[in-house]
> 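So that we are looking at the same thing, I have put the structure below in structure tokens.
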Amino acid sequence: MTTTLPVPIGELLERLRVEGFSVSPAQYGRLFTVVEAVFPNGLSTETNATDLQALGELIGPIICRTFAEQEHFGTVFNAVLAGQFAQPEPIGNKPVGLVSPQPGGAS
């Protein structure tokens with residue numbers, strides 16, 4: 001039995017935005033057009049790594065302007081499609097991104 005799931009493009013676009021990519025409405029449209037053409041019925045249990053790599057190679061240039069961006073895109077794309085985003089490692093006792101109030105600062 002084949003199970004079909006939608007391609008997680010919304011999740012990919014949000015993660016790319018968080019990672020610093022700027023995605024215009026025109027790029028959104030082109031991305032969805034390519035995904036619909038490659039996987040009109042979504043991802044299935046029969047989808048293989050070669051198909052996913054081909055999808056990444058098709059949509060990467062839509063989003064990326066430089067080789068460095070394409071490499072970063074590939075990392076994000078693979079993580080989203082694999083569903084394996086690692087949580088940030090804590091630094092000392094504080095999670096990454098949290099700042100302790102400075103002594104004598106305004107509250």
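Quick caveat, the model's predicted, so the values are computed rather than measured. Heads up: numbering here begins at 1 and tracks the sequence.
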> Of all heavy-atom pairs between Arg15 and Val76, which one has the smallest distance, and what is that distance?
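Looking at all heavy atoms of both residues, the shortest contact is CG-CG1, 3.6 Å.
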
> How many angstroms lie between atom CD1 of Ile63 and atom CZ of Phe77, to the nearest 0.5 angstrom?
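With rounding to 0.5 Å, CD1 (Ile63) is 11.5 Å from CZ (Phe77).
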
> Supply the atom-to-atom distance Ser22 OG to Glu69 CD, rounded to the nearest 0.5 angstrom.
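Ser22 OG to Glu69 CD: 9.0 Å, rounded to 0.5 Å.
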
> Nearest 0.5 Å, what's the CD1-OH distance between Ile62 and Tyr28?
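Ile62 atom CD1 to Tyr28 atom OH measures 13.5 Å (nearest 0.5 Å).
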
> Are side-chain heavy atoms of Val38 and Val34 found at a separation under 4.5 Å?
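When only atoms from C-beta onward are counted, Val34 and Val38 do touch, with a gap below 4.5 Å.
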
> Roughly how far apart are Arg30 CZ and Ile59 CD1, rounded to 0.5 Å?
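Those atoms lie 12.5 Å apart.
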
> For the pair Phe21 and Phe73, name the ring-plane relationship: parallel under 30°, tilted 30 to 60°, perpendicular over 60°.
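Correct class here is perpendicular.
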
> In this structure, which one of Leu16, Leu12, Val7 forms a side-chain contact (heavy atoms from CB on, under 4.5 Å) with Val80?
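Of the listed residues Leu16, Leu12, Val7, the side-chain contact (heavy atoms from CB on, under 4.5 Å) partner of Val80 is Leu12.
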
> To the nearest 0.5 Å, what is the distance between CD (Glu11) and CG (Leu81)?
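It is 9.0 Å, given to the nearest 0.5 Å.
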
> Show the nearest heavy-atom pair for residues Cys64 and Gln70, with the distance to one decimal.
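That closest heavy-atom pairing would be CB-CG, 3.4 Å.
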
> Testing the basics here: between Pro61 and Gly56, what is the closest heavy-atom pair and its distance to 0.1 Å?
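Scanning both residues, the minimum pair turns out to be CD-O, 4.4 Å.
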
